[in-house]
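Okay, structure first, notes after.
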Amino acid sequence: MELIKYSEWKGTKTTLHLLSQILGKIRLEVAHQEPQWAHVMLPLTADGFSTGLLYGETHMFQVDADIRNSAIHVQVDGHKQSMELENGTPVKAYYDFIFQTLEKLGTPVSIYPKPQEMDIKIPLDEDTEHTVYVQEDALRGLELFHFALHEELKFIGPMRCRKVKPGLFWGTFDISAIIIQNISEPFPMDKVIEKAAFDEQFIEYGFWLGDDKVDVPSFFVLPYPFLYKDLNAPSLEPEEAYYNKEVSEYFLDMEAVLASSDTSGHVQRFFNTTFDILSEELKWENCNYYRNPLLMKSQPTLSKTDG
């Protein structure tokens with residue numbers, strides 16, 4: 001696995017982020033609603049990311065961003081049409097292809113075309129500015145996403161608790177999973193996205209690819225309610241991890257992870273120690289139960305590859 005910094009693929013990452021906005025807004029319009037916006041998360045695939053299987057009134061359909069094969073695929077009831085994903089093609093062209101194809105195949109969908117949670121304000125159906133796509137860079141970014149997804153699943157999968165399993169949040173373009181407590185915690189301001197995302201206590205475990213201010217991708221852990229205090233406890237691991245009280249988040253950057261002789265162990269220590277610190281700080285009860293072993297036989301194949 002090779003690190004790619006934000007500055008090395010800014011243009012391609014922005015194009016993929018905007019494509020994820022198109023697919024995510026389709027899910028937002030069609031998928032059945034779930035707490036913490038879990039229904040709008042995009043699943044990663046072996047080749048990129050997707051809306052996943054969706055249902056219209058009488059049709060099933062799916063839209064895929066296929067990075068490995070440089071294509072956008074639209075499938076409705078088994079009928080598939082594709083458009084090449086290539087450098088120089090504007091976001092508007094992908095937008096037009098997706099929605100025109102859905103309508104032609106009998107599943108018209110309409111979305112609000114303004115990007116959400118991005119500094120870019122150009123409507124997606126008018127965006128001829130963002131055209132950069134370098135497949136080699138996109139594949140490096142996808143590899144980081146796959147690594148993050150695996151580590152989040154490894155951590156959160158066995159836990160006996162209410163959770164949102166990891167997926168791609170297209171607003172912020174990060175891979176995140178959430179452990180939720182059944183404790184009401186209404187968001188204090190009248191903001192549409194935040195009121196639905198922050199209405200119960202939770203801890204979010206995520207991976208983010210960076211931006212103009214932070215060039216190195218990193219894992220992060222976010223508590224809600226936010227804790228604007230110093231939580232750099234002695235038990236925090238690994239040593240490169242730290243808590244930023246200004247933003248109420250723990251961070252562990254990918255340079256530190258990749259420098260470790262045990263990349264997975266590095267991330268798992270980060271996830272486990274931050275959970276212990278934050279669950280105690282939030283006064284969550286009975287959290288020891290979450291780690292009770294599952295009553296299932298071991299998986300010999302997995303144990304050979306997953307350590």
Side-chain angles (χ1 to χ4, degrees), residues 24 27-28 31-43 117 148-172 174-208 218-238 241-252 267-296:
R27 278 197 65 87
L28 176 65
H32 296 291
Q33 294 180 338
E34 299 178 46
Q36 282 76 42
W37 296 110
H39 61 293
V40 308
M41 299 171 77
L42 300 177
E117 299 182 87
L149 180 75
H150 187 198
E151 292 304 321
E152 291 175 21
L153 281 170
K154 185 176 180 179
F155 169 67
I156 205 171
M159 295 190 77
R160 297 176 181 272
C161 61
R162 185 177 158 208
K163 57 196 170 186
V164 175
K165 294 178 74 174
L168 176 58
F169 273 117
W170 47 269
T172 45
D174 56 57
I175 299 292
S176 290
I178 308 172
I179 295 175
I180 307 166
Q181 282 289 95
N182 296 320
I183 301 174
S184 177
E185 191 78 36
F187 193 72
M189 291 177 279
D190 189 18
K191 295 184 176 182
V192 173
I193 294 175
E194 288 84 354
K195 281 183 68 175
F198 300 96
D199 67 342
E200 296 175 286
Q201 291 192 9
F202 65 76
I203 304 173
E204 179 180 354
Y205 293 83
F207 177 80
W208 176 65
S218 63
F219 286 93
F220 66 88
V221 178
L222 167 70
Y224 179 75
F226 308 122
L227 300 172
Y228 299 111
K229 59 194 293 187
D230 186 1
L231 293 176
N232 287 292
S235 59
L236 176 63
E237 295 183 18
Y242 67 93
Y243 191 76
N244 184 335
K245 67 179 181 180
E246 303 301 321
V247 294
S248 181
E249 291 183 58
Y250 284 103
F251 294 100
L252 175 65
V267 177
Q268 293 304 312
R269 286 194 296 276
F270 178 60
F271 285 167
N272 278 283
T273 58
T274 54
F275 177 78
D276 289 340
I277 295 166
L278 291 174
S279 59
E280 182 176 351
E281 188 70 28
L282 293 168
K283 296 181 172 56
W284 288 2
E285 298 180 352
N286 202 30
C287 289
N288 288 336
Y289 171 75
Y290 293 177
R291 292 188 175 113
N292 277 6
L294 301 179
L295 303 178
M296 302 174 186

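We number each residue from 1, following the sequence as shown. Just so you know, these numbers use all the heavy atoms, side chains as well, and skip hydrogens, waters and symmetry mates.
Nearest heavy-atom pair, Ala177 versus Glu152, reported as atom, atom and distance to 0.1 Å: N-OE1, 3.4 Å. Nearest heavy atoms, Pro225 versus Leu282: CD-CD2, 3.8 Å. For Gly206 against Ser176, the heavy-atom pair with the smallest separation is CA-OG, 3.5 Å. Between Ala31 and His39 the shortest heavy-atom distance is CB-O, 3.7 Å. Summarising the geometry of Gln201 relative to Glu185, their closest heavy-atom pair is NE2-OE1, 3.1 Å, with the distance given to 0.1 Å. Considering all non-hydrogen atoms of both residues, Met41 and Gly167 come closest at CE-N, 3.0 Å.
When the shell of 6.0 Å around CD of Glu194 is examined, it contains more than 12 heavy atoms from other residues, nucleotides or ligands. Sparse packing is recorded around CG of Asn288, with 12 or fewer heavy atoms of other residues, nucleotides or ligands lying under 6.0 Å away.
To the nearest 0.5 Å, atom CD1 of residue Ile203 and atom CG of residue Leu222 are 9.5 Å apart. In this structure, the separation between OH on Tyr250 and CG on Leu252 is 12.5 Å, given to the nearest 0.5 Å. A distance of 11.0 Å separates CG of Leu168 from CZ of Arg27, quoted to the nearest 0.5 Å. For the atom pair CD1 of Ile180 and CD of Glu204, the computed distance is 10.0 Å after rounding to the nearest 0.5 Å. Cys161 SG to Phe275 CZ: the interatomic distance, rounded to the nearest 0.5 Å, is 6.5 Å. Atom-to-atom distance recorded for Asn182:CG and Arg162:CZ is 5.0 Å, nearest 0.5 angstrom.
Residues Phe207 and Leu149 are not in side-chain contact: their nearest non-hydrogen atoms beyond the backbone lie 4.5 Å or more apart. No side-chain heavy atom of Pro35 sits less than 4.5 Å from a side-chain heavy atom of Asp199. A 4.5 Å side-chain heavy-atom check between Ile277 and Tyr243 finds every atom pair outside the cut-off. Using a 4.5 Å heavy-atom threshold, the side chains of Val247 and Phe220 count as separate. Here the side chains of Lys229 and Glu281 are in contact, with some heavy-atom distance below 4.5 Å. Looking at heavy atoms from C-beta onward, Leu231 lies out of side-chain contact with Lys245 at the 4.5 angstrom threshold. Contact of the Val164 side chain with the Phe202 side chain is not registered, since no non-hydrogen atoms from C-beta on lie closer than 4.5 Å.
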Q. Can you check side-chain contact (heavy atoms from CB on, under 4.5 Å) on Trp170 and Glu117, steps first, answer last?
A. CA-CA 9 Å; Trp170 47 269; Glu117 299 182 87; over 6 Å; no
(Q) Please determine whether side-chain contact (heavy atoms from CB on, under 4.5 Å) holds for the pair Asn272 and Arg291, giving the CA-CA distance in whole Å, both sets of side-chain angles, and the decisive distance to 0.1 Å. (A) CA-CA 10 Å; Asn272 278 283; Arg291 292 188 175 113; 3.1 Å; yes
Q: Evaluate the side-chain hydrogen bond (donor to acceptor under 3.5 Å, both in side chains) criterion for residues Glu237 and Thr273: first the C-alpha distance (whole Å), next the side-chain angles of each, then the deciding distance (0.1 Å), finally the verdict.
A: CA-CA 6 Å; Glu237 295 183 18; Thr273 58; over 6 Å; no
Q: Please test Arg160 against Leu294 for side-chain contact (heavy atoms from CB on, under 4.5 Å), starting from the C-alpha separation and ending with a verdict.
A: CA-CA 8 Å; Arg160 297 176 181 272; Leu294 301 179; 3.8 Å; yes
Q: Kindly indicate, with the supporting measurements, whether the criterion side-chain contact (heavy atoms from CB on, under 4.5 Å) is fulfilled by Met159 and Ile179.
A: CA-CA 9 Å; Met159 295 190 77; Ile179 295 175; 3.7 Å; yes
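Looking at residues two or more places apart in sequence or on another chain, you find no salt bridge (Lys or Arg N to Asp or Glu O under 4.0 Å) involving Asp230. Partners of Phe271 by ring-ring contact (aromatic ring centres under 6.0 Å, His included), not counting sequence neighbours, listed by chain and number: Phe155, Tyr205, Phe219.
Using a distance-only test at 3.5 Å, with no hydrogens or angles considered, a donor-acceptor pair links the side chain of Lys163 to the main chain of Gly157. Remark: the backbone N or O of Tyr228 is not paired with any side-chain donor or acceptor of Ser248 at under 3.5 angstrom.
Defined by atom type and a distance below 3.5 Å, a donor-acceptor pair is present between the side-chain atoms of Gln268 and Glu151.
The aromatic rings of Phe226 and Tyr224 sit perpendicular to each other, their planes meeting at more than 60°, with 30° as the lower class boundary.
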